[in-house]
Structures are given as structure tokens and as C-alpha cells.
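When reading the values below, keep in mind they use all heavy atoms of this one structure, side chains included, and skip hydrogens, waters and symmetry mates.
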Amino acid sequence: MKHSLLKIFAPVFLAAGISACGIADISMPPEPKLSGGFSCECTVSTMIVPPGDESAEETEFTFSGKLSRLGTGFYELELASPDTVSGMKISSRDGDISSSLGELSLDIAAENVPHKSPVYALFKSFDNMASAFENGGALVSGENGSWVYQSDGLSAVFDGEGIITSMAIASPKMTAEFTNFTLSENISETGSESESEISSEASAETSAVTTISETDLTVTTTSASAVITETAPPQSSETTAPTTTTME
């Protein structure tokens, strides 16, 4: 009789034990580290039509640099490559884009920034993800211990500690990899603590603008156009630098 009962109940307890182990082995997703400020090194590859290329064929364009998030809508990107734009600083203040390179400075109002700009897409993607996580969004398990976030046109990969390692965007078509991720402390989510600092830097850079011949700017503005914008923005009366070369 005991032998018969063992045959009946042993599979039940065994199955329960396996299920319990399976539940225990399931790990909870980490909390994404995007709600506040951070800095990291980034390498971005995107497809562009080179300015002046009449064939309209897309080619890969890659740039890299140090990216800092100061709060929602507030970013700074200092480019390290390619060489033609090394040292360029790009700042975002609630959608307005400011850039400077040496004695040159250019401001673009939020309404004039093309949504296919790779820099705009990069900044906006971080803000969109941070908002999604704050409103209940969560990571799902990925390959090799990674965690993934996906939405329309965006896929991002995080490590086991919730630190972003890569991103892919459908429009504009681009990928980005992130390293040396460091969280920043005492950062206002509205970016108000950083706004005055960015504004003062932009004012100083703008006051240093001088008129430079278009010949001297040919290489620099071509690469800068690819990084910042897909089309040349309207040239304001305050900007003395020549209009950047357009790109598709």
C-alpha cells in the first residue's frame, strides 16, 4: 500500500519541487538608472546622405564623445570624433540646441530642430525611456543576462545593474553604444539647477563669435551638419557664422 502511495504522490511532490526551484531562479528586473543625471562615453553610428552628394545614397557616419544628462531635457555632448568636429560641444535646453566649436557658435530653437537629427533622437530617447520607467514601464529578460526595453522604433539593452549599454533607433536609423557609465548626484529632474550654468556658457561662447570665411569652414560644417541636423536651420541675425551645409 505504501509503495502504491509513493508511486502516486512522488511525481506530484517532485513536480512541486521543480516548480519551486524554477520560481526561485527567476530574477527580478533591475531598476533602470535613467531617472536622474549621469555621464558616459558614447559611440553613435547613423545613416546619412553626405551634404553635396548628388547620388542621394546613404552612407554610415559615426561620431563619439562624452554624454552627460543633467536632467529631463538638459544634456551636454562633447565630441571626440571624427577629427573634423573634435572638441565641439552640443547642449540641449528643453529642446533648444546650442553648439560651439572654437570661435563658432550656433543656436537652434526647439521648433527648428529636425526630428531626424541623430543628436536630437539620442537625447529624446533617454527622456522617453525615463518617463516610461517612471510610469510603470519595466525591463524584460534578454540574452546573456541582459535586460531589454522596447517601444515603437526603440530598443535598448541594460546590464544586470540597470545600466544602459546600447540602443537602436529606427528613425533616424542609428545605433549607440555606451561605456564608463557614471551616475550623477544632486541633479534636478527639471534641469533647473543646470540651466543657469549652460546659459552662461552659451552666452560666453556666443560673445566670442567672429566672422570666418566659408572656405575655412567647409570640412567642419559638413561634419557638424551630419551630427546636429539633417537640414540647415534658418540663420538668425545674431549668428555671423555661415549657414551649415544641408543634408538629407
Side-chain angles (χ1 to χ4, degrees), residues 27-46 60-82 85-95 97-99 117-170 172-195 197-198 201 227-228:
S27 59
M28 296 297 293
E31 180 181 353
K33 304 297 192 297
L34 294 181
S35 59
F38 63 79
S39 64
C40 65
E41 301 294 328
C42 68
T43 300
V44 179
S45 295
T46 184
E60 186 176 47
F61 179 79
T62 300
F63 61 92
S64 65
K66 181 178 179 180
L67 171 67
S68 298
R69 185 178 194 258
L70 310 176
T72 302
F74 289 76
Y75 292 86
E76 290 181 349
L77 175 62
E78 183 172 357
L79 297 175
S81 69
V85 291
S86 179
M88 173 180 284
K89 295 181 179 180
I90 303 172
S91 300
S92 172
R93 296 167 291 167
D94 283 338
I97 300 293
S98 298
S99 62
S117 160
V119 170
Y120 173 88
L122 183 65
F123 296 163
K124 194 65 177 178
S125 294
F126 277 115
D127 282 344
N128 288 344
M129 285 192 291
S131 177
F133 294 136
E134 290 173 359
N135 288 281
L139 300 173
V140 298
S141 180
E143 298 179 352
N144 302 320
S146 66
W147 295 88
V148 179
Y149 170 80
Q150 289 184 322
S151 66
D152 292 341
L154 171 64
S155 178
V157 179
F158 294 74
D159 65 14
E161 297 181 354
I163 293 175
I164 189 169
T165 59
S166 64
M167 175 193 301
I169 301 173
K173 186 177 180 180
M174 58 181 283
T175 59
E177 296 183 354
F178 309 99
T179 58
N180 298 326
F181 191 98
T182 303
L183 292 175
S184 302
E185 297 180 357
N186 300 324
I187 297 297
S188 170
E189 186 61 20
T190 61
S192 58
E193 296 179 6
S194 304
E195 183 174 5
E197 180 180 349
I198 298 176
E201 290 179 358
V227 175
I228 301 173

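- With sequence neighbours excluded, no residue forms a side chain to side chain donor-acceptor pair (under 3.5 Å) with S39.
- Checking side-chain atoms of D127 against main-chain N and O of T72 turns up no donor-acceptor pair under 3.5 Å.
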For this session: Any chance you could lay out the side chain to side chain contact (heavy atoms under 4.5 Å, CB included) test for L67 and F123, step after step, and finish with the verdict?
Result: CA-CA 9 Å; L67 171 67; F123 296 163; 3.5 Å; yes

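- Side-chain contact check for F74 versus R93: some heavy-atom pair is nearer than 4.5 Å.
- The shortest non-hydrogen separation linking R69 to G36 is NH1-O, 2.7 Å.
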I'd like a table of donor-acceptor pairs (distance under 3.5 Å, sequence neighbours excluded) in which one partner is a side-chain atom from residues 147-167, with atom names and distances.
unit_1, atom_1, unit_2, atom_2, d
D159, OD1, E161, N, 2.9
D159, OD1, G162, N, 3.1
D159, OD1, I163, N, 2.9
T165, OG1, V157, O, 3.2

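- At a threshold of 4.5 Å between non-hydrogen side-chain atoms, the residues N180 and C40 do not count as touching.
- In this structure, L34 and F133 have side chains that are in contact, with non-hydrogen atoms separated by less than 4.5 Å.
- Here the NZ-CG distance, from K66 to L79, works out to 13.5 Å after rounding to the nearest 0.5 Å.
- Note: S92 OG to L77 CG = 10.5 Å, rounded to the nearest 0.5 Å.
- The environment of CD in E177 is sparse: at most 12 heavy-atom neighbours from other residues, nucleotides or ligands sit within 6.0 Å.
- Looking at S131, its side chain never comes within 3.5 Å of a backbone N or O of N128 through a donor-acceptor pair.
- To the nearest 0.5 Å, atoms CE (M28) and OG (S141) are separated by 12.0 Å.
- For K33 (side chain) and E31 (main-chain N/O), a donor-acceptor pair under 3.5 Å exists by modelled atom type.
- Evaluation of the side chain to side chain donor-acceptor pair (under 3.5 Å) rule for S68 yields no partner, not counting sequence neighbours.
- Under the ring-ring contact (aromatic ring centres under 6.0 Å, His included) criterion, F178 pairs with F126, not counting sequence neighbours.
- Partners of T175 under the side chain to side chain donor-acceptor pair (under 3.5 Å) rule, at least two apart in sequence or in another chain, do not exist in this structure.
- Counting heavy atoms from C-beta outward, F61 and P118 have side chains that stay 4.5 Å or more apart.
- Residues that satisfy the side chain to side chain contact (heavy atoms under 4.5 Å, CB included) test with T43, not counting sequence neighbours, are T62, S64.
- The backbone N or O of K173 lies less than 3.5 Å from a partner atom in the side chain of T46, making a donor-acceptor pair.
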